[in-house]
Amino acid sequence: MNLAWQIEQYFPEHILELVKDISKQADEMGQRVYLVGGVVRDLLLGYANFDLDLVVEGDALALARQIAETHQAKLIIHPRFGTAKLSYGDFTFDMATARGETYACSGALPTVVPSVLNDDLIRRDFSVNAMAVSLSLNNYGDFIDPHKGKDDLERRLIHVLHNESFRDDATRILRAIRYEQRLNFKLEARTAQLLGRDIPMLDTISGDRLRHELELIFREKCPELAINRLSELGALQRIKLPIKANGWIAEKFDKARRLNKPRQLLSLYFCLLIYPLDEKGNEQLLYRLKISKRLSRAMRDTLLLKAKLFLLDEPHMKPGDIYYLLDEYDPLAIQTNAITSELTVTSHYLQLFLAKLRNVKTSLSGEDLKEMGIAPGPAMGSILQILHRAKLDGEVNTEADERKLVLLLKSSDDHSAIE
Ligand code: ATP
Ligand code: MG
């Protein structure tokens with residue numbers, strides 16, 4: 001099968017130009033180059049994907065340098081791994097030197113798959129991610145599919161390449177479910193059995209790698225699908241996230257997407273996931289996933305605030321009281337509680353704090369108070385706080401109002417000092 005025509009139709013003009021140039025320059029350097037992985041899968045499915053993965057039989061770094069120079073693309077090189085990343089406008093090219101040895105063994109290999117590419121494909125996670133298309137000039141567009149990925153695409157199946165796949169790398173458990181849910185595929189029957197068998201292998205994966213896979217799930221359009229499925233399979237429990245698969249996560253994740261900027265979503269999903277846990281459960285998860293200090297604070301605060309939320313359920317609370325109840329918590333924790341709170345009034349107070357109250361500042365500073373004859377110290381601190389509360393509650397509006405209030409407070413202070 002040849003996909004040259006599909007390639008023409010699939011890529012935008014500027015990517016196509018680069019693909020063709022890579023093909024030409026590789027040929028001049030005597031290297032063979034292939035499109036591999038997700039982009040081949042998505043090309044066959046007709047889904048847009050402009051993160052191109054290329055495998056080069058030869059020297060990917062030399063080819064990447066040459067292309068970066070002729071096209072003024074940004075280039076990042078990892079010599080240790082033999083990989084390079086080219087960024088060009090809104091798309092990236094990952095180029096890797098095919099791993100494995102070239103063996104000049106005649107006839108031992110199946111079909112026409114070059115041995116080096118074959119070695120590279122066999123290390124991959126699923127058949128639908130282990131297909132390749134040649135970009136070499138003499139067989140440009142030839143489809144290479146040693147693991148029958150195309151059959152699995154047609155049957156809509158996620159299929160591991162061998163029985164030890166999840167044992168070799170248990171992050172593939174999370175990957176399998178991510179693709180299953182994204183593409184609306186099913187796990188192939190044997191793959192499903194192996195996945196069930198190998199759930200305990202998640203214990204062998206480092207916190208960083210597990211967290212990274214969860215973050216990839218969180219970048220999906222509807223991460224709750226994979227989250228619920230992983231919970232049903234007992235995989236989440238295995239990574240210290242003992243949450244139940246139910247409509248709650250779906251509802252809250254959806255609300256988070258409607259209320260927040262995409263930039264914040266990743267952290268917010270983490271805070272939402274631990275909402276049903278207790279403090280000890282949360283600590284175990286933070287440790288297991290090596291969560292950063294910054295996010296750990298937000299996750300801890302989420303539970304601390306949850307325990308104090310009953311203080312925010314009265315109607316007609318004063319803005320100053322709301323502010324000084326919430327001031328000490330991480331904004332992400334406040335946002336999380338605003339999403340999870342079932343009480344309209346509480347949720348409203350939390351949103352009010354985030355949208356407005358936390359930005360309210362007095363016009364006068366400590367410096368101004370000093371000029372008005374107030375000495376730095378606890379007394380000045382409490383005057384500043386009274387001012388701030390008055391501003392929040394709308395009792396003072398202008399700088400003149402603030403000065404008046406300061407003078408009043410100062411004189412009552414002077415009086416009490418005399419008495
Ligand atoms: P996506 O659309 O999610 O980016 P992708 O297929 O491009 O899908 P990447 O995570 O970018 O996925 O990885 C690129 C390729 O590398 C995959 O298609 C797969 O062949 C291979 N790969 C990635 N992670 C693993 C893994 N843990 N085990 C085996 N192969 C992997
Ligand atoms: Mg990719």
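Keep in mind that the numbers below use all heavy atoms, side chains included, and drop hydrogens, waters and symmetry copies.
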### Query
How far does CG of Leu216 sit from NE2 of His212, to the nearest 0.5 angstrom?
4.0 Å
### Message
Any salt bridge linking Asp208 with Arg211? Criterion: basic side-chain nitrogen under 4.0 Å from a carboxylate oxygen.
### Response
yes
### Message
Looking only at the side chains, is there a donor atom on one of Asn2 and Tyr140 sitting less than 3.5 Å from an acceptor on the other?
### Response
no
### Task
Would you check if there is a donor-acceptor pair between the side chains of Arg41 and Asn129 at a distance under 3.5 Å?
yes
### Non-hydrogen atoms of Ala176 and Leu187 that approach each other most closely
CB-CD2, 4.1 Å
### Task
Could you go through the salt bridge (Lys or Arg N to Asp or Glu O under 4.0 Å) check for Asp125 and Arg175 one step at a time?
CA-CA 8 Å; Asp125 46 5; Arg175 295 180 65 83; 2.8 Å; yes
### Query
Under the 3.5 angstrom rule, does the side chain of Ser23 hit a backbone N or O of Leu135 as a donor-acceptor pair?
yes
### Summary
Looking only at heavy atoms, the pair that brings Ile173 and Leu230 closest together is O-CD2, 4.3 Å
### ring-ring contact (aromatic ring centres under 6.0 Å, His included) between Tyr323 and Phe353, intermediate numbers included
CA-CA 6 Å; Tyr323 181 96; Phe353 175 87; 5.6 Å; yes
### Glu283 with Arg288: basic N within carboxylate O range, under 4.0 Å
no
### CD (Glu28) with more than 12 external heavy atoms under 6.0 Å
yes
### Atom pair NZ/CG of Lys280 and Leu285 - distance to nearest 0.5 Å
14.0 Å
### Query
Do the side chain of Lys306 and the main chain of Tyr275 share a donor and acceptor less than 3.5 angstrom apart?
yes
### Message
Treating Thr204 as the side-chain partner and Met201 as the backbone partner, does any N or O pair qualify as donor plus acceptor under 3.5 Å?
### Response
yes
### Query
For the atom pair CD (Gln31) and CD (Glu57), what is the distance rounded to the nearest 0.5 Å?
10.0 Å
### Task
Could you pull out the closest heavy-atom pair between Ala132 and Tyr34, with the gap in Å?
CB-CB, 4.4 Å
### Task
Would you mind checking if Lys391 and Glu402 are paired as a salt bridge, meaning a charged N to carboxylate O distance below 4.0 Å?
yes
### Message
Quick test of your reading of the model: are Arg258 and Asp254 salt-bridged, counting only N-O distances below 4.0 Å?
### Response
yes
### Task
Before accepting this row, confirm whether a basic side-chain N of the pair Arg172/Asp198 lies closer than 4.0 Å to the acidic partner's carboxylate O.
no
### Query
Quick check, are the ring centers of His388 and Tyr324 under 6.0 angstrom apart?
yes
### Full working for salt bridge (Lys or Arg N to Asp or Glu O under 4.0 Å) between Glu224 and Arg257
CA-CA 11 Å; Glu224 57 270 28; Arg257 282 192 292 274; 2.7 Å; yes
#### Entry: Exam field: side chain Arg358 to backbone Leu354, donor-acceptor pair closer than 3.5 Å
yes
### Message
Under the criterion ring-ring contact (aromatic ring centres under 6.0 Å, His included), I'd like the reasoning laid out for Phe126 against His147: C-alpha separation, chi angles, the key distance, then a yes or no.
### Response
CA-CA 9 Å; Phe126 312 113; His147 304 288; over 10 Å; no
### Task
Calculate, to the nearest 0.5 Å, the distance between atoms CE and CG belonging to Met95 and Leu75 respectively.
9.0 Å
### Side chain Ser165, main chain His162, donor-acceptor under 3.5 Å
no
### Task
May I ask you to check whether over 12 heavy atoms, not counting those of Lys240, lie within 6.0 Å of atom NZ?
no
### Query
Is Lys255 paired with Glu342 through a side-chain N to carboxylate O contact shorter than 4.0 Å?
no
### Query
Is it true that the side chains of Thr92 and Asp51 contain a donor and an acceptor less than 3.5 Å apart?
yes
#### Entry: Lys/Arg-Asp/Glu bridge criterion (N-O < 4.0 Å) met for Arg167, Glu164
yes
### Centroid-centroid distance, Phe185 to Tyr179, less than 6.0 Å
no
### Message
Between Glu8 and Lys20, does the salt bridge (Lys or Arg N to Asp or Glu O under 4.0 Å) criterion hold? Intermediate values first, please.
### Response
CA-CA 10 Å; Glu8 292 290 316; Lys20 293 203 163 149; 2.5 Å; yes
#### Entry: Expected output: side-chain Arg32 to main-chain Ser136 donor-acceptor under 3.5 Å
no
### Query
Would you say the ring centroid of Phe253 lies under 6.0 angstrom from that of Tyr269?
yes
#### Entry: Other residues, nucleotides, ligands: >12 heavy atoms within 6.0 Å of Glu314 CD
no
### Message
What's the separation between atom CG in Asp42 and atom OH in Tyr47, rounded to the nearest 0.5 Å?
### Response
8.5 Å
### Message
As an exercise, state the distance from NZ of Lys85 to CD1 of Ile77, rounded to the nearest 0.5 Å.
### Response
13.0 Å
### Task
Salt-bridge test for Asp330 and Arg300: reply yes if a basic N is under 4.0 Å from a carboxylate O, no otherwise.
no
### Query
Regarding Asn228 and Glu232, is there a side-chain donor-to-acceptor distance under 3.5 Å anywhere?
no
#### Entry: Donor-acceptor pair, side chain of Thr83 and main chain of Pro79, under 3.5 angstrom
no
### Message
Check whether Thr302 reaches the backbone of Ala298 with its side chain - one donor and one acceptor, N or O, closer than 3.5 Å.
### Response
yes
#### Entry: Nearest heavy atoms of Thr362 and Leu364, plus distance in Å
OG1-O, 2.9 Å
### Query
With the threshold set at 4.0 Å, does a side-chain nitrogen-carboxylate oxygen contact exist between Lys148 and Asp152?
no
### Minimal non-hydrogen separation, Ile274 against Asn282, with atom names
CG2-OD1, 3.5 Å
### Message
On a heavy-atom basis, which atom in Ile243 and which in Pro276 lie closest, and how many Å separate them?
### Response
CG2-CG, 4.1 Å
### Message
Please determine whether the number of non-hydrogen atoms from other residues, nucleotides or ligands lying under 6.0 Å from atom CD of Glu399 exceeds 12.
### Response
yes
### Message
Between Arg209 and Asp169 (salt bridge meaning N to carboxylate O under 4.0 Å), is one present in this structure?
### Response
yes
### Task
Carefully, step by step, assess Lys150 and Glu154 under the rule salt bridge (Lys or Arg N to Asp or Glu O under 4.0 Å).
CA-CA 6 Å; Lys150 188 158 177 292; Glu154 279 158 10; 2.8 Å; yes
### Message
Check whether Glu220 reaches the backbone of Pro223 with its side chain - one donor and one acceptor, N or O, closer than 3.5 Å.
### Response
no
### Query
With distance as the sole test, does Thr336 use its side chain to make a donor-acceptor pair with the main-chain N or O of Leu332 at under 3.5 Å?
yes
